[in-house]
Amino acid sequence: MAEESLIQIGQRLRGLREVLDIPAGDIAQLCGFTLETYEKVERGEVDPGISGLTKIAKRYDIALDVLMFGEEPHMRTYFVTRKGQGLKADRRKDYSYQSLASGFSGRKVDPYIVKVDPLPEGEERPKNSHEGQEFDMIIEGTMELTLGKKVIVLEPGDSIYFDSLEQHSMRAMNGQPCRFLCIVI
């Protein structure tokens, strides 16, 4: 599932570039990737991360949902997401997003339910950063958030609000998945 999602994201990015006649090198530079890495993103071999997709969406004035899910939001007054029904993107085998507002056009924040699976012992998740701010509230499981050099352990009911330009990574602890509400502003 994760590989198929990455392939679809890559196809949407390639389609965007072709429609807008944007050189691959321009998008690679925008995301901080080498051209070779960006070409792997378009082939679905490398995850561009939320940070890369957010930069592309903002720069080219396209809804983040279009890049992540292939869906154009249309609702302007309200949008209901029923339990378990939000659009899902499994960008990596151990990380999945469920959009909670994918159908609302022109929204000012991007809310998700995120599930992080535990990593094998000794394996580290790469850090990322993206413009804006982020709010995370743990629903179940325990998460270790590395924010810059600070390591913070969050339990169910705990929340954190931070500047998402700060390098950060999340890791599920105790061999159990962690689910949390994530709002990217």
Side-chain angles (χ1 to χ4, degrees), residues 1-2 5-6 8-9 12 31-32 41 46-58 62-71 73 75 78-119 123-185:
M1 175 80 89
S5 180
L6 285 178
Q8 291 172 355
I9 288 170
R12 288 190 284 273
C31 295
V41 167
V46 170
D47 184 350
I50 285 289
S51 59
L53 293 175
T54 300
K55 288 174 185 175
I56 295 166
K58 286 183 178 180
I62 185 167
L64 182 59
D65 290 338
V66 172
L67 298 177
M68 283 185 69
F69 308 110
E71 298 277 333
M75 301 303 290
Y78 71 91
F79 181 78
V80 174
T81 302
R82 300 288 180 198
K83 182 178 180 179
Q85 298 300 307
L87 291 177
K88 294 182 181 176
D90 295 321
R91 293 189 4 261
R92 292 178 266 193
K93 65 180 180 180
D94 59 346
Y95 219 92
S96 64
Y97 289 83
Q98 178 185 8
S99 177
L100 299 178
S102 59
F104 194 88
S105 180
R107 63 185 181 271
K108 307 224 182 305
V109 300
D110 289 301
Y112 302 97
I113 296 292
V114 180
K115 180 178 164 236
V116 178
D117 288 326
L119 293 172
E123 190 173 323
E124 293 291 322
R125 181 167 278 116
K127 290 184 179 179
N128 68 64
S129 66
H130 49 90
E131 290 183 22
Q133 300 169 344
E134 185 170 325
F135 170 82
D136 297 327
M137 181 174 179
I138 307 304
I139 297 169
E140 64 184 34
T142 303
M143 179 171 70
E144 178 184 271
L145 171 68
T146 302
L147 188 58
K149 294 181 181 183
K150 180 78 173 167
V151 177
I152 304 160
V153 175
L154 301 167
E155 302 279 347
D158 293 346
S159 64
I160 186 167
Y161 192 101
F162 61 94
D163 180 346
S164 50
L165 278 175
E166 184 76 27
Q167 289 284 316
H168 59 280
S169 66
M170 295 148 180
R171 184 170 71 92
M173 297 183 65
N174 306 323
Q176 299 294 315
C178 178
R179 284 181 8 130
F180 59 98
L181 171 66
C182 173
I183 300 174
V184 180
I185 303 148

Mind listing the closest non-hydrogen atom pair of [X] and [Y] along with its distance?
| X | Y | value |
| --- | --- | --- |
| V46 | L6 | O-CD2, 4.4 Å |
| G132 | S164 | O-OG, 2.9 Å |
| E166 | G148 | OE2-CA, 3.2 Å |
| S129 | Q167 | OG-NE2, 3.4 Å |
| E155 | T142 | OE1-OG1, 3.0 Å |
| L119 | E123 | CD1-O, 3.5 Å |

To the nearest 0.5 Å, how far apart are [atom1] in [X] and [atom2] in [Y]?
| X | Y | atom1 | atom2 | answer |
| --- | --- | --- | --- | --- |
| K115 | Q98 | NZ | CD | 11.5 Å |
| D136 | L145 | CG | CG | 7.0 Å |
| I139 | D158 | CD1 | CG | 12.5 Å |
| S96 | I113 | OG | CD1 | 10.5 Å |
| L64 | Y112 | CG | OH | 4.0 Å |
| H130 | D163 | NE2 | CG | 9.5 Å |

Output a table of donor-acceptor pairs, distance under 3.5 Å, between side-chain atoms of residues 78-86 and any protein atom two or more places apart or on a different chain; print 'none' if there are none.
unit_1 : atom_1 : unit_2 : atom_2 : d
T81    : OG1    : L100   : O      : 2.7

Could you tabulate the donor-acceptor pairs under 3.5 Å formed by side-chain atoms of residues 170-185, not counting sequence neighbours?
unit_1 : atom_1 : unit_2 : atom_2 : d
R171   : NE     : E144   : OE2    : 3.1
R171   : NH2    : E144   : OE1    : 3.1
R171   : NH2    : E144   : OE2    : 3.2

Note to self: Go through it in stages, so that I can follow the logic: the residues are K150 and F162, the test is side-chain contact (heavy atoms from CB on, under 4.5 Å), and I'd like the CA-CA distance, side-chain angles, deciding distance and then a yes or no.
What the structure shows: CA-CA 12 Å; K150 180 78 173 167; F162 61 94; over 6 Å; no
Any donor and acceptor pair, going by atom type alone, linking the side chain of H168 with main-chain N or O of K127 inside 3.5 Å?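 No, the answer is negative, given that no donor and acceptor are paired below the 3.5 Å cut-off.
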Step by step, work out the side-chain contact (heavy atoms from CB on, under 4.5 Å) result for D110 and S99. CA-CA 8 Å; D110 289 301; S99 177; over 6 Å; no
